[in-house]
Amino acid sequence: MSANLSFGIYFIRSAPSGTVINVRGAGRILVGSALDYDQAGTQLFEFKRFQDRFIITNIETKLVVDMSGGSASPRTPVISCEYHGGHNQQWHIQPHGGDNRFLLPSRRFWWNANSYG
Amino acid sequence: MDLAGGNLENGTEIFGYETHRDLNQQWEFIGVTEHMLGRQIEIPGPERVIEKIIPGPERVVEKVVEKVIPGPERVIEKIVLGPERVVERVVERMVPGPERVVEKIVVNFHDSPETLREMRELRAQILRALEGQEIIPKVSGERLGEGGHV
């Protein structure tokens, strides 16, 4: 868990591509947009601490980042939807390397993440 | 969270996947508090221009333009562009005499037909004053064009 990251609003940028995550209404979360301060609503996410995990909410749509259907299977789409408090809407933040990079395992995937990590 | 197949193209979907720690599972957080909210940029140029982005439920971009008008008096025109356009003009004038007297006039305008008319009138007064033609009168509540007076 990152000691530095607490409550706050962040862009989430993919390390290899340099582009950020954005939300287009309920459903799909995509990566590939250039960071844009003027159109930032769909690119900005509020991180709210919940025990040792985070709820990640898009500030424009108010929808949260969610593992679709609560599935723990590989290749489960990550979507945005209404908050319901399930494990599939809770995310761990693990520092990776020294370059301010993080892994974002789902609480729903946590056992897998530890097994494979 | 995993970029499907390590694909970096625009519009790539994100999936859950076993943790393997490769690049396509690594994410960076760009803090808004550092980079956006309260962001203040000074734009280089002959005028001092500051762009500020103010945090809040509504995103507000405020642009402040400060211009020092050269002349015998120190005149600073400050234009704040925000939800409302506000023009503030500060005129500082040293009054000659045995004591040091600084006369300072600060006028704020908000966009409206009335205030724009006032602004034009005051601008004309200041320009005349700067040319040494007359003294700047105090701004009163009396407005031109009202009560049958022009």
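None of these values were measured; they are calculated from a predicted model. The chains referred to below are lettered A, B, ... by the order of the sequence lines, with proteins before strands, and numbering in each begins at 1.
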### Message
If I take atom CZ from residue A:R75 and atom CD from residue B:E18, how far apart are they, to the nearest 0.5 angstrom?
### Response
11.0 Å
### Message
Who clusters with A:Y83? Use side-chain heavy atoms, under 4.5 angstrom, across I, L, V, M, F, W and Y, and order the result by chain and number.
### Response
A:F50, A:I55, A:V64
### Query
Does A:L30 have any side-chain contact (heavy atoms from CB on, under 4.5 Å) partners at least two apart in sequence or in another chain, and if so, which?
A:R28, B:E13
With a 4.5 Å limit on heavy-atom distance, are the side chains of [X] and [Y] in contact?
{"X": "A:F102", "Y": "B:F29", "value": "yes"}
{"X": "A:V31", "Y": "B:W27", "value": "yes"}
{"X": "A:Q94", "Y": "B:R21", "value": "yes"}

Any idea which heavy atoms bring [X] and [Y] closest together, and the distance?
{"X": "A:R101", "Y": "B:L23", "value": "NH1-CD2, 3.3 Å"}
{"X": "B:F15", "Y": "A:V78", "value": "C-CG2, 3.6 Å"}
{"X": "B:L3", "Y": "A:S14", "value": "CD1-OG, 3.2 Å"}

### Task
Show your reasoning for whether side chain to side chain contact (heavy atoms under 4.5 Å, CB included) applies to A:I29 and B:M1.
CA-CA 11 Å; A:I29 294 182; B:M1 279 175 26; over 6 Å; no
### Identified side-chain contact (heavy atoms from CB on, under 4.5 Å) partner of B:I14 from the options A:I21, A:I79, A:I12
A:I21
### Query
Given the options A:I59, A:V20, A:L104, which has more heavy-atom pairs under 4.5 Å with chain B than any of the others?
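It is A:L104.
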